[in-house]
Structure formats: C-alpha cells, structure tokens
Amino acid sequence: MNQEHMEHIEDREELNELMAVRRDKLRDLIDMGIDPFGEKFERTHTAREIVERFAELEDQNTVIAGRIMSLRTHGKATFADLMDSTGRIQLYFRIDLLGEEQYGLLSKVDIGDILGITGRIFRTRRGEISVEVSGMKFLSKSLRPLPDKWHGLKDVDLRYRQRYVDLIVNPGVREVFETRSKIIQSIRNFLVERGYIEVETPMLNVIAGGANARPFITHHNTLDMDLYLRIAPELYLKRLLVGGFEKVFELGKNFRNEGISTKHNPEYTACEIYAAYANAADMMKLTEEIFVHIAQEVKGSTKIVFQGQEIDLTPPWPRLPMLEAIKQYSGVDLTGLSDEEARQAAREKGLDVEPNASYANVVEEFFDTFVEPKLIQPVFITDHPVEVSPLAKRKKDNPKLTDRFEPFIVTWEVANGFSELNDPIDQEYRFRMQMAQREQGDEAAHMMDEDYIRALEYGMPPAGGLGLGIDRMVMLFTDSPSIRDVLLFPHMRPRS
RNA sequence: GAGCCAUUAGCUCAGCUGGUAGAGCACCGGACUUUUAAUCCGGGUGUCCCGCGUUCGAAUCGCGGAUGGCUCACCA
C-alpha cells in the first residue's frame, strides 16, 4: 500500500457522510496493519451446506466466507447474517471467545463487507443454526452503503443500471439468471444428445441477412469498410448444410436496430437449429420436445404459471393455419382474395391499411389485431404468405403460402421455423421481391446475397429450420413480464 | 418516434389550496453476552432530476429539457 494509495483514501470531497465513515474505518484497519482487501480464502462449507447438513455438522468447526447483510450488536455479543451464493447463515460473535482486540474489530465491520469466518457450528436458544466465530478476516471492505435491508432496491432504473446491487439485495434476481443458465444448458444438451453440432458463424457481416430487420452498422478500420452486426445466423448455417453438415445449431446473439420494449432488446439471444432431410412438421415436433424438456428440467412439470395464468405445454400443440386462425377469430375469410379485395375486407373490419397495402400486409394486419392477442395456450400458426417468408419453401398445394410455422404462447411469438427453401432459382426471385420492397423504403427487407444463391446452386438438401427466442423462453419459465428482467444488463440510455 | 405517469436523504416513501424539508431502515454517539425487521436513549446526514419563468416567497404553479416506467408504433 503506497503513499499515493493512502492519499486517495483521503480524497473524499464528493463523498457523503455514509461513505466517509466507511473510508475512515478502512483507514483505521490499514493503520492497525490489517489488509481490508484480503486474498484467496479456502472455505470448507457453504451457508446452505451448514443448514442442510446441520445434524452431522453440529459442534464441528467450519470456514466460510460471504457478505455481511445485517448486524445486531448486543454489547459484548453480536449477531450478523453472512450471505454467500447459496444463502445466508447467522454469525455469533462473543467477546469472551474472541478477546477484546478481535471483538473490537467488529466496530470496523459494515453491512456489505465481505468476511472470511472461522468458527463452530451450533444452534442458538431460538433455534437458529449459526456459526460461533473464533476468527475473522476482512476479504473486502465495502465503501458504499447497501439499500434498505427490508425494502431492498425497487427503483427499476437503478436495478438495471447497477445490477450488481440488485443481485446483492434482491435474492429472486439471482434465481432468474440461474434458471436462464439452466434453460440454455438444457437446450444445448438436448441438441447435442440428438447429434446436432454447435457452430459459430460471423457476427460481423458484409450483408445482414436471414431476417427482416434493420441492422446496426459498424466500421472496420484497417479494411476501411462498414460492416453490419448480424440480424440472424440463418444464411450462414444453411451454407453449412450445403457443405455437408446435416444437423447444426448456433446459440448466440442477434442485433436488431429496432425499438426497445418489454419484449425487445437491441441485442438478444436466439438459438437456430437446422436438420437436413427434415421439414417444418419435424421442426414443430422438435419445438414441442424442447419446451417439454426445459419445463421438466426447470419446473418438473409441463404445466407452468405465467402472470397468474396456467399454461399447459403438454404436446401436441394445435396446428392452426394462419388464414384459418384469422377466419376463426375475426370471422373474415381472406383465402384467395386479391390485394384490393383484401384491403376492402380490412376497411370493413375497421383496420387502418395503406392504400397500396398488399394481400400479405392485410393478412398480417388481421393476424396482429384479431388473432395474436388471443393466443395464450401454445399453438403453432402455420402457412404464412410467401411475401413475408422469403426463405421458406412454398406449400406444394398452394404456392402463395409457405410451409412455415410460428409457435405462440401467452401471445408471444416464441419461435419461427419452416421447411427451408433450397431452390436457388426461386430464392433469387424471392430476394428480388425483397429488394423491390427495399427500394420502396422498407429498410427491413432482405438484401440480395449472391453468395448464398451460389451456395444453393451447389445443392442444399431439403431441411427443416427452427429459431428459438431464448429471452422470451426465459421470461415464460421465470414468470418475468419484461425482457429486462431476464437480461443481466439490459440496454439503457447513458445517464448524463 | 407519440401519449400518459414518475423523479424528495444511501434505500423505501410522506409532504394539502405556494409560507423555514419529514418518517422508517441505514448511519453516528451511548446502554446491552443467544438476537434475528433485536431493543432503549440521543443525533437529520438533502443540488427536493436539471434549466428558465411566475411570485414578496416554489419541492409544490407554468414552459423547456434529462432519465425511467407503461401504452402505442417498428420488431423477435
């Protein structure tokens, strides 16, 4: 600890009283020759182990470490709660056991300090499993006060910006992210066990393809060229099917330069899965299996509760063609209508449609207005119009529709899949249609990807593809109403 | 991007029709050797989000701005 360091401790012009007091204690510890920021510390138990295995551990010595979450001083005895990643355990300090000097150090301990503790496991008169402290070591002095021990941190702005504090004081938050980890791990295990190979494809793209979305633009200095952050890995993964991989998946982030909402974050996690020689029907079954697998692993049941509603994930989920869903929920049959007829039908139902809206636009509008808000229990919406599905195979019996599906749960689209279009000639035509839309101002329409067409020209096996929205799945399984609750550091505007 | 709402102590929140800034927790001093939202006695620690305006006087009223939440739009 050099002179400069010591001077910085004094440098507290900006500090409020609470922080100044903590720095005084820090200084006192240093003056006593105690390092407030200790080193590697070997533990013998966790808080949870001590509680769960108390019968066999009673009266034994233990070495534990964690953060002090509360202090109750009673003169010559003090109680404290120590929290580690497994839970809390009570500490009991006595002056006659520690001696005056060691016991006196407690006056330098603040809520939030990280301590290493040696002691004997016992149960207090009131029945609380505790550790009677015989030795303590400062592992990290905390220089900022923690939020209210009872009310915690509620200000959502602060919770997201200072997630580290949120995690310390709101125990449920850690559980959400533990569940998130479990979900991702169980998807990975599920796919690997079935012979899928996990791959990584570029996130810096020359062409942002595989989805309809506006991309972020970045710049490569030495190449002096702009690049896009990927909006989907789809086109790369299907190049791998051309190359001979038959079952691949990628789990990672996509970046979309779109609005932010309770269901949208600019960067989000998706899992895309491709299986050669399969089709949309196979991928729907895979979707059901994955959801059931996760539900069993994290909930132990295929019935879950989301915001008070019971959701039954037991397969099979109904398959409902989009036009039938619209007929069912709006009473209007849009099958086979011309653009003008479709616009007329929309106006009759009081929908606001652009004068040049296409049939596909009208179908989407009907779906979003009348159908989507009703889709609470799991259902596959299938057979989307070809115009909004530029990478999906057309249906054999109706080339205006595609062999595509989107599962909906609690009104959210949680995935998207289809029989992959492997005809390079039709694919080139579809890209041209997309470019026409682009020219009409649709920034989210596909860009032409000549190399992808070239890949298809070598021959891609027929395949089924599936993209899972991981964040929404985590929301569903953790009963979280906002995507920000399942992202450790959701995107926030910087504070001035 | 639009509408509505919020922003007061470290945290959670009161603060009426404009009149010297409040509580609980936390913190500081004191008492207390099995407490657990420990208790008891004493202490209020503040850029009332920022700026401008109205007024004798603004946390409070008006205008502008910042950040956040919700709804809508774009999207997954």
Side-chain angles (χ1 to χ4, degrees), chain A residues 14-22 24-25 69-81 88-98 103 107 110-112 122-130 132 142-162 165-166 168-170 210-215 231-232 253-272 352 364 368 372 388 406-408 411-416 442-444 467-473 475 481-484 490-496:
Chain A
E14 300 289 320
L15 305 181
N16 64 39
E17 187 208 327
L18 297 183
M19 288 174 68
V21 164
R22 284 172 182 240
D24 286 340
K25 292 179 182 174
M69 296 305 291
S70 73
L71 278 166
R72 297 178 291 282
T73 58
H74 296 254
K76 297 187 174 67
T78 295
F79 293 90
D81 291 337
R88 289 188 184 210
I89 184 89
Q90 178 168 265
L91 306 178
Y92 177 48
F93 300 80
R94 280 168 50 187
I95 195 164
D96 55 2
L97 188 67
L98 280 162
Y103 188 83
S107 67
D110 285 303
I111 290 172
F122 77 112
R123 196 193 284 272
T124 63
R125 224 178 265 161
R126 293 290 185 97
E128 178 92 11
I129 294 168
S130 308
E132 186 182 51
S142 169
L143 298 179
R144 283 182 185 270
L146 284 172
D148 190 290
K149 68 179 172 188
W150 192 245
H151 299 98
L153 185 65
K154 287 187 173 167
D155 184 324
V156 285
D157 189 16
L158 284 180
R159 284 187 50 221
Y160 299 145
R161 285 181 201 275
Q162 299 183 34
V165 178
D166 191 30
I168 291 168
V169 299
N170 295 327
N212 288 66
R214 286 148 66 196
I231 56 174
K253 285 206 170 164
N254 294 336
F255 305 87
R256 299 194 181 177
N257 207 340
E258 311 274 3
I260 297 172
S261 78
T262 50
K263 291 192 281 299
H264 302 86
N265 197 63
E267 52 182 297
Y268 71 100
T269 303
C271 180
E272 288 204 6
D352 237 356
E364 273 197 313
D368 292 349
E372 209 177 57
V388 295
E406 288 177 319
F408 282 83
T411 76
W412 306 335
E413 181 195 339
V414 291
N416 178 25
D442 181 0
E443 287 177 70
L468 299 168
I470 299 297
D471 308 287
R472 289 185 185 176
M473 291 175 78
M475 288 165 72
S482 169
I483 196 170
R484 295 185 187 93
H491 182 76
M492 303 289 274
R493 286 186 209 219
R495 272 198 149 161
S496 52

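In what follows, every chain begins at residue 1, and chains take the letters A, B, ... in the order their sequences are listed.
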Please walk me through it: do Asp96(A) and Lys76(A) pass side chain to side chain contact (heavy atoms under 4.5 Å, CB included)? CA-CA 8 Å; Asp96(A) 55 2; Lys76(A) 297 187 174 67; over 6 Å; no

Would you find a donor on one side and an acceptor on the other, under 3.5 Å apart, between the side chain of [X] and the backbone of [Y]?
X	Y	result
Thr73(A)	Gly75(A)	no
Asn265(A)	His491(A)	yes
Asp166(A)	Tyr160(A)	no
Tyr103(A)	Ala77(A)	yes

Length of the [atom1]-[atom2] vector between [X] and [N], whole Å:
X	N	atom1	atom2	value
Leu71(A)	A38(B)	CG	P	10 Å
Asp110(A)	C25(B)	CG	P	18 Å
Met19(A)	A26(B)	CE	C1'	14 Å
Ile111(A)	C27(B)	CD1	C1'	10 Å
Met492(A)	A66(B)	CE	P	16 Å
Glu17(A)	C27(B)	CD	P	11 Å
Arg214(A)	A73(B)	CZ	C1'	11 Å
Asn212(A)	A76(B)	CG	P	7 Å

Qualifying residues under side-chain hydrogen bond (donor to acceptor under 3.5 Å, both in side chains), relative to [X], sequence neighbours excluded:
X	result
Arg161(A)	Asp157(A)
Glu443(A)	none
His151(A)	Asp148(A)

Does the structure show a Watson-Crick or G-U wobble partner for [N], both distances under 3.5 Å? Name it, or say none.
N	answer
G62(B)	C52(B)
G68(B)	C5(B)
A76(B)	none
C11(B)	G24(B)
A38(B)	none
U47(B)	none

If we take the [atom1] atom in both [N] and [M], what is their distance in whole Å?
N	M	atom1	value
G43(B)	A9(B)	C1'	15 Å
U20(B)	A58(B)	C1'	13 Å
G46(B)	C41(B)	P	25 Å
C63(B)	C5(B)	P	12 Å
U12(B)	A26(B)	C1'	11 Å
C48(B)	G10(B)	C1'	16 Å
C4(B)	G22(B)	C1'	29 Å

Protein-nucleotides 31-33 of chain B N/O pairs closer than 3.5 Å?
from: C32(B); atom 1: N3; to: Gly75(A); atom 2: N; distance (Å): 3.0
from: C32(B); atom 1: N4; to: Gly75(A); atom 2: N; distance (Å): 3.3
from: U33(B); atom 1: OP2; to: Lys76(A); atom 2: N; distance (Å): 3.2
from: U33(B); atom 1: N3; to: Asp96(A); atom 2: OD2; distance (Å): 3.4

With side-chain hydrogen bond (donor to acceptor under 3.5 Å, both in side chains) as the test, would you mind laying out the steps for Arg256(A) and Tyr268(A) before giving the verdict? CA-CA 8 Å; Arg256(A) 299 194 181 177; Tyr268(A) 71 100; 3.0 Å; yes

List, with names and distances, any nitrogen or oxygen atoms from the protein found under 3.5 Å away from nitrogen or oxygen atoms belonging to nucleotides 5-12 of chain B.
from: C11(B); atom 1: O2'; to: Asp148(A); atom 2: N; distance (Å): 3.3
from: C11(B); atom 1: O2'; to: Gly152(A); atom 2: O; distance (Å): 2.7
from: C11(B); atom 1: O2; to: Asp148(A); atom 2: OD2; distance (Å): 3.4
from: U12(B); atom 1: OP1; to: Lys154(A); atom 2: N; distance (Å): 3.0
from: U12(B); atom 1: OP1; to: Asp155(A); atom 2: N; distance (Å): 2.8

Counting any heavy atom closer than 4.0 Å, what does [X] reach on the DNA or RNA strands: base, sugar-phosphate only, or nothing?
X	answer
Arg88(A)	nothing
Gly469(A)	nothing
Asn265(A)	base
Phe408(A)	nothing

Heavy-atom donor-acceptor pair, Gln90(A) side-chain to U35(B) base, under 3.5 Å: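 Indeed, a donor on one side and an acceptor on the other fall under 3.5 Å apart.
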
Candidate nucleotides C70(B), U36(B), C27(B), ranked by approach to the side chain of Ser482(A) - the nearest: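 Output: C70(B).
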
Checking contacts here: which listed nucleotide (U71(B), G68(B), U36(B)) is nearest the side-chain heavy atoms of Asp157(A)?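 Selected nucleotide: G68(B).
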
Apply side chain to side chain contact (heavy atoms under 4.5 Å, CB included) to Arg214(A) and Glu258(A), showing your working. CA-CA 7 Å; Arg214(A) 286 148 66 196; Glu258(A) 311 274 3; 3.9 Å; yes

Please state whether the phosphate of [N], meaning OP1 or OP2, lies under 4.0 angstrom from any side-chain nitrogen or oxygen of [X].
X	N	answer
Arg493(A)	A66(B)	no
Arg72(A)	A38(B)	yes
Lys149(A)	A26(B)	yes
Arg126(A)	U35(B)	yes
Arg484(A)	C70(B)	yes
Lys263(A)	C72(B)	no

May I ask you to decide if the ring planes of Phe79(A) and His74(A) are parallel, tilted or perpendicular, using 30° and 60° as cut-offs?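 Rings of Phe79(A) and His74(A): perpendicular, over 60°.
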
Any Met69(A) side-chain heavy atom under 4.5 Å of Ile168(A) side chain: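 When only atoms from C-beta onward are counted, Ile168(A) and Met69(A) do touch, with a gap below 4.5 Å.
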
Could you work out, with side chain to side chain contact (heavy atoms under 4.5 Å, CB included) as the rule, every residue matching Ser261(A), not counting sequence neighbours?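 Listed in chain order: Lys263(A), His264(A).
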
Stacking between Phe79(A) and A38(B), defined as ring centres under 5.5 angstrom apart with planes under 30°, is that present or not?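 No; centroid distance or tilt outside limits.
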
Map Gly127(A) and His491(A) onto RNA chain B by nearest heavy atom, then report which one ends up closer to the 5' terminus.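 The residue whose closest nucleotide sits nearer the 5' end is Gly127(A).
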
Would you kindly compare Glu413(A) and Arg125(A) by the position of their nearest RNA chain B nucleotide and give the one closer to the 5′ end?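 With Glu413(A) and Arg125(A) compared, the 5'-side residue is Arg125(A).
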
